[in-house]
Every structure is written in structure tokens, then in C-alpha cells.
Amino acid sequence: MQDQTPELWIPGSDGSWVDVSNQSKLNAAILGAARTSDTEVTRLVAHLASMGQYYQAARCLEIVAQHRLGLDFTGGELLEYQVPGFGDFHAVIRTMLEAGALYHKAQRERTADATFRRALLFVEEALRNISGLDRVDNGELACLGIAFELAGHCCVALDDSDGLDYYHAAQRYWGQAARMRPEALFQWSHHPVTQVVIHCLHPVVETRKERPSDPDDLFAADYMTRIDTAKRLLA
């Protein structure tokens with residue numbers, strides 16, 4: 001490895017070192033890494049960030065996220081909680097928010113905003129394609145609460161006041177789910193997908209000049225507490 005040129009070894013690239021300043025080579029290597037594992041992608045991003053290569057780290061996450069999103073959305077990504085792949089969509093949106101935060105750290109503000117905006121548009125498109133809702137299914141109501149909460153988090157990243165409407169909708173559906181089956185609220189509050197969505201605010205908060213005075217409440221298990229706290233970020 002040459003001292004003057006930051007390089008990285010990426011499994012699947014062909015076994016050789018990759019010059020991270022060459023974007024086309026890095027993109028090709030990242031796509032190769034994306035076919036390996038989430039653990040490997042996490043390692044790559046952490047390594048790039050540790051070298052101060054925040055833009056390249058963001059590109060890595062963005063490429064991986066778009067590679068995994070697919071071409072269209074059915075709404076099932078948000079409601080079909082009994083399907084093995086449930087939560088993959090939410091995790092990709094979190095990846096895009098993490099990419100946006102890294103662009104922000106690289107002082108690429110417009111690129112960061114564009115990435116945050118794409119994340120929001122993908123969530124809105126999935127919501128728009130929900131064709132029906134079983135209102136006697138406590139799980140679907142909780143999933144809608146989770147989905148609207150995710151949309152609200154994307155709006156916080158953009159300082160978009162539409163997030164207040166999304167958060168109101170999230171509280172409404174969470175409340176309906178809680179009233180229908182109070183005993184299931186704990187399970188849904190601690191569901192792995194709910195935790196993914198809750199922690200989407202971690203990278204978002206990092207981009208803000210003013211931090212919330214009660215940051216722990218943003219990640220509370222109680223949906224009213226965390227969503228009311230998130231609303232204040234848009235006040």
C-alpha cells in the first residue's frame with residue numbers, strides 16, 4: 001500500500017487493494033462486497049470513515065441500499081410482518097439515513113439532503129401502495145404505526161414539517177393497536193423492526209446543530225414518549 005494513496009482490500013473485488021480515490025473502481029468493489037454480508041459492508045464503511053473518507057463511506061452505503069431496494073414497492077414491505085423478509089425495507093431506509101449523515105459529515109450538504117429525500121420518497125411510495133388494511137389485525141395496525149414513524153424520521157432529517165402529520169398518524173395507529181390488544185404492545189414495542197426504526201434517529205440527530213435536551217426519550221420503548229420527543233425536533 002502506498003502511503004500517499006488511501007487503499008482498501010475488499011473481498012470479492014479480486015483480492016487486490018482498491019484505490020478509494022478512484023470512484024469507479026471503488027463502486028465496483030463495493031458492489032462485490034454487497035454480495036457477501038452486512039458484516040462486511042459495515043466493516044468497509046467503518047474503515048473508510050476511520051480514514052476520514054466520509055464521502056466514500058456514504059457512497060458505499062448508498063450503493064448497497066439502492067442495490068437492495070429493488071424497483072418497485074407493493075406496500076407489503078410495511079405490513080406483511082409474518083413474511084421472513086419483513087424488516088429488510090426498514091433496514092435499507094436506515095442505511096440511506098446513515099449514508100445521508102455521512103455525506104453531511106463530508107460537508108456535502110446537497111447530496112445529504114438528496115439522500116434523505118430519496119429515503120422519504122421510498123417510504124411514501126410504499127405507504128401509497130398499501131391496497132388494504134385488516135383493521136382487526138393488531139399486527140398490521142402496529143406495522144402502520146412503525147411505517148409512519150419511519151416516514152416522520154425521514155422528515156426530521158430534512159426539517160420537513162410534513163413529519164408532524166406522519167408522527168400524528170404513527171401515534172394514532174400505535175394507539176389503535178394498543179387498544180385492540182394491550183398485552184401485545186410490549187412485544188411490538190420491542191420488536192426488532194421497531195428497534196431498527198427507533199434507531200433511525202441516531203444518524204439523523206448527528207446532523208443537527210441543536211440536539212434535543214432529552215435525547216434518551218427519542219429512543220424510549222413507549223411510543224408516545226419517543227414520538228412526542230421527535231415532534232419537538234420539527235417545532
Side-chain angles (χ1 to χ4, degrees), residues 38 41-42 45-46 48-49 53-69 73 77-78 87-128 143-171 173-174 193-220 223 225-235:
D38 290 343
V41 171
T42 299
V45 172
L48 287 165
Q53 303 287 327
Y54 300 118
Y55 177 81
Q56 289 84 351
R59 284 289 293 144
C60 176
L61 287 180
E62 187 181 15
I63 290 169
V64 168
Q66 295 194 8
H67 180 70
R68 293 177 180 174
L69 266 175
F73 309 105
E77 303 87 357
L78 301 175
D88 291 350
F89 175 82
H90 306 72
V92 171
I93 297 302
R94 183 178 67 178
T95 297
M96 294 197 73
L97 294 176
E98 290 170 346
L102 283 167
Y103 281 131
H104 180 85
K105 199 167 185 177
Q107 299 183 338
R108 303 293 185 92
E109 304 297 340
R110 292 178 62 184
T111 308
D113 284 350
T115 305
F116 291 144
R117 179 66 63 185
R118 280 196 294 274
L120 175 60
L121 291 173
F122 290 140
V123 178
E124 289 178 332
E125 187 64 19
L127 284 167
R128 190 176 295 113
C143 287
L144 267 183
I146 294 169
F148 279 108
E149 192 171 343
L150 180 60
H153 294 346
C154 294
C155 287
V156 170
L158 292 160
D159 277 324
D160 187 336
S161 60
D162 285 348
L164 292 172
D165 292 331
Y166 285 129
Y167 281 142
H168 285 310
Q171 287 178 316
Y173 285 112
W174 270 114
V193 177
T194 306
Q195 294 303 307
V196 166
V197 171
I198 289 173
H199 289 286
C200 280
L201 274 181
H202 269 301
V204 171
V205 170
E206 290 178 3
T207 68
R208 304 182 68 85
K209 293 179 180 178
E210 294 184 7
R211 303 295 176 88
S213 57
D214 42 7
D216 289 344
D217 286 347
L218 284 173
F219 313 107
Y223 72 89
T225 298
R226 68 174 181 268
I227 294 176
D228 279 341
T229 306
K231 284 178 184 177
R232 291 199 284 274
L233 296 175
L234 294 170

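- Among residues two or more places apart in sequence or in another chain, the salt bridge (charged side-chain N to carboxylate O under 4.0 Å, His left out) test is passed with D214 by R232.
- Here the OG1-CE distance, from T115 to M96, works out to 6.0 Å after rounding to the nearest 0.5 Å.
- Minimum interatomic distance between A147 and L127 (heavy atoms only, all atoms of both residues): CB-CD2, 3.9 Å.
- By the salt bridge (charged side-chain N to carboxylate O under 4.0 Å, His left out) test, D159 is found to be paired with R208, residues two or more places apart in sequence or in another chain being considered.
- A distance of 13.0 Å separates CD of Q171 from CZ of F148, quoted to the nearest 0.5 Å.
- Between I227 and E149 there is a side-chain heavy-atom pair separated by less than 4.5 Å.
- Nearest heavy atoms, A49 versus A57: N-CB, 4.2 Å.
- Salt bridge annotation for D228-K231: present, with a cationic side-chain nitrogen under 4.0 angstrom from a carboxylate oxygen.
- Residues that satisfy the side-chain hydrogen bond (donor to acceptor under 3.5 Å, both in side chains) test with R108, not counting sequence neighbours, are absent from this structure.
- Annotation: Y167 is in aromatic contact with H153 [ring centroid separation under 6.0 Å].
- Residues A170 and G145 approach most closely at CB-O, 3.5 Å, considering heavy atoms.
- Every residue two or more places apart in sequence or in another chain was checked for a ring-ring contact (aromatic ring centres under 6.0 Å, His included) with H104, and none qualifies.
- Rounded to the nearest 0.5 Å, atoms CZ (R118) and CG (L69) are 10.5 Å apart.
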Practice item. Carefully, step by step, assess F116 and T207 under the rule side chain to side chain contact (heavy atoms under 4.5 Å, CB included). Key: CA-CA 11 Å; F116 291 144; T207 68; 4.1 Å; yes
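- Rounded to the nearest 0.5 angstrom, R117 CZ and C154 SG are separated by 10.0 Å.
- If you take CD1 on I198 and CG on L218, they are separated by 10.5 Å, rounding to the nearest 0.5 Å.
- Here the shortest heavy-atom pairing between A119 and I93 reads O-CD1, 3.8 Å.
- In this structure, CG on L120 lies 12.0 Å from CG on D113, to the nearest 0.5 angstrom.
- Residues meeting the side-chain hydrogen bond (donor to acceptor under 3.5 Å, both in side chains) test with Y223, sequence neighbours left out: none.
- The minimum heavy-atom distance linking A230 with V156 is given by the pair O-CG2, 4.3 Å.
- Looking at residues two or more places apart in sequence or on another chain, you find a ring-ring contact (aromatic ring centres under 6.0 Å, His included) between Y55 and Y103.
- The two residues A58 and A99 have their closest heavy-atom pair at CB-O, 3.4 Å.
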